[in-house]
Amino acid sequence: MLDQIHWLAAVTVLGVLEQAYFFLQVIYARRFFGISPPKISGPPEFERIFRAQVNSSEYFPIFLALLWQAGLFFHQGLAAALGLLYLCARYCYFMGYKASSSGRLAPMYFSAGVLWILIAVSALGILHFFLSHYVGLNIIQLLTA
């Protein structure tokens with residue numbers, strides 16, 4: 001079983017490390033700008049870093065669920081590759097938002113596109129599972145015959 005999920009697990013760990021990096025950036029920004037918790041307002045530079053971290057954290061559970069569904073029901077390698085693309089886009093989003101609010105847009109749209117692809121791949125994999133398991137219709141065999 002582990003050989004069927006090792007890439008998903010590796011991408012998950014990378015995602016957790018990325019989230020930790022974003023959290024640390026907020027801590028460093030709080031210290032730099034002298035903003036103590038629970039305060040979340042301050043100079044625009046701080047607020048952009050804070051929002052980039054919060055936005056990334058909000059999407060992380062969605063990403064993880066889709067990553068694992070796509071990997072388990074469709075293809076681990078494709079899901080892991082899409083996961084790496086998503087993490088890269090989120091890093092670019094964070095760094096772009098840190099620099100300016102408009103710097104977040106292109107990576108935000110790209111990461112959203114990757115999530116939509118993961119949704120589609122997950123849905124196709126789950127549909128194939130239900131059709132083959134409950135209806136006895138194996139779409140892969142029909143397409144390759």
Side-chain angles (χ1 to χ4, degrees), residues 1-33 35 37-38 40 42 44-145:
M1 171 79 177
L2 292 178
D3 61 331
Q4 297 173 356
I5 62 169
H6 62 283
W7 290 115
L8 301 174
V11 171
T12 299
V13 170
L14 286 175
V16 169
L17 291 173
E18 182 178 68
Q19 290 297 305
Y21 173 76
F22 295 161
F23 293 142
L24 287 173
Q25 292 301 300
V26 172
I27 291 169
Y28 297 148
R30 283 188 180 282
R31 289 179 184 160
F32 183 80
F33 293 108
I35 300 169
I40 59 171
E45 296 83 4
F46 168 77
E47 290 182 7
R48 288 195 309 268
I49 293 168
F50 181 79
R51 287 304 315 154
Q53 181 269 319
V54 170
N55 292 347
S56 296
S57 294
E58 289 170 347
Y59 277 90
F60 194 61
I62 296 167
F63 162 69
L64 285 180
L66 292 172
L67 172 74
W68 280 86
Q69 288 175 359
L72 293 174
F73 287 98
F74 195 83
H75 190 274
Q76 177 190 200
L78 176 63
L82 289 169
L84 289 174
L85 275 176
Y86 177 82
L87 293 178
C88 181
R90 276 323 244 189
Y91 179 80
C92 292
Y93 166 83
F94 186 91
M95 299 312 273
Y97 206 169
K98 185 177 177 179
S100 73
S101 60
S102 63
R104 77 191 195 287
L105 294 176
M108 179 182 69
Y109 294 135
F110 185 80
S111 64
V114 173
L115 284 180
W116 279 109
I117 294 169
L118 281 169
I119 289 171
V121 169
S122 297
L124 286 172
I126 292 168
L127 177 64
H128 175 263
F129 174 81
F130 280 125
L131 288 176
S132 63
H133 190 74
Y134 293 108
V135 181
L137 180 65
N138 191 326
I139 297 170
I140 304 298
Q141 284 180 342
L142 290 174
L143 292 174
T144 59

Practice prompt. Could you tell me how the ring of F129 sits relative to the ring of Y134: parallel (under 30°), tilted (30 to 60°) or perpendicular (over 60°)?
Written response: perpendicular
Fill in: Within 6.0 angstrom of Y109 OH, more than 12 heavy atoms from elsewhere
no
Discussion item. Please report the interatomic distance OG(S57) to CZ(R90), rounded to the nearest 0.5 Å.
Written reply: 9.0 Å
Practice prompt. Quick one: closest heavy-atom pair of A52 and F94, and the distance?
Written response: CB-CD1, 3.4 Å
Worksheet item: Between atom CE of M95 and atom CD1 of I49, what is the distance when rounded to the nearest 0.5 Å?
Response: 9.0 Å
Response to the item:
Residues at least two apart in sequence or cross-chain that pass side chain to side chain contact (heavy atoms under 4.5 Å, CB included) with F60, listed by chain then number, are V16, Q19, F63, L64
Worksheet item: At what distance, to the nearest 0.5 angstrom, does CH2 of W116 lie from CG of L118?
Response: 12.0 Å
Discussion item. Run the side-chain hydrogen bond (donor to acceptor under 3.5 Å, both in side chains) test against Y93 and tell me which residues pass, sequence neighbours left out.
Written reply: N55
Response to the item:
Sequence neighbours excluded, the answer for side chain to side chain contact (heavy atoms under 4.5 Å, CB included) partners of F33 is A29, I35, P43, E45, F46
Discussion item. Measuring from atom OH of Y91 to atom CG of L14, what distance do you get when rounded to the nearest 0.5 angstrom?
Written reply: 13.5 Å
Item to complete: Could I get the full list of ring-ring contact (aromatic ring centres under 6.0 Å, His included) partners for F110, not counting sequence neighbours?
Response: none
Worksheet item: Closest approach of P107 and R104, non-hydrogen atoms and distance?
Response: CD-O, 3.4 Å
Discussion item. Which residues pass the side-chain hydrogen bond (donor to acceptor under 3.5 Å, both in side chains) test with Q76, not counting sequence neighbours?
Written reply: none
Worksheet item: Quick one: are I40 and R30 in side-chain contact, heavy atoms under 4.5 Å?
Response: yes
Worksheet entry | Set of side chain to side chain contact (heavy atoms under 4.5 Å, CB included) partners for S100, sequence neighbours left out | S102
Fill in: Partner set under side-chain hydrogen bond (donor to acceptor under 3.5 Å, both in side chains) for E18, not counting sequence neighbours
none
Item to complete: Flag the pair H128 / F73 as yes when at least one side-chain heavy-atom distance between them is below 4.5 Å, and no otherwise.
Response: no
Discussion item. Applying ring-ring contact (aromatic ring centres under 6.0 Å, His included), can you list everything that pairs with F74, at least two apart in sequence or on another chain?
Written reply: none
List the atom pairs, with distances to 0.1 Å, where a side-chain N or O of residues 1-12 and a protein N or O form a donor-acceptor pair under 3.5 Å, not counting sequence neighbours.
| unit_1 | atom_1 | unit_2 | atom_2 | d |
| --- | --- | --- | --- | --- |
| H6 | ND1 | D3 | O | 3.0 |
| T12 | OG1 | L8 | O | 2.8 |
| T12 | OG1 | W68 | NE1 | 2.8 |

Worksheet item: Roughly how far apart are S132 OG and L127 CG, rounded to 0.5 Å?
Response: 9.5 Å
Worksheet entry | By ring-ring contact (aromatic ring centres under 6.0 Å, His included) - contacts of Y28 (at least two apart) | none
Worksheet item: When rounded to the nearest 0.5 angstrom, what distance separates CZ in R48 from CD in Q53?
Response: 15.5 Å
Fill in: Partners meeting side chain to side chain contact (heavy atoms under 4.5 Å, CB included) with Q69 (sequence neighbours left out)
L66, S122, I126
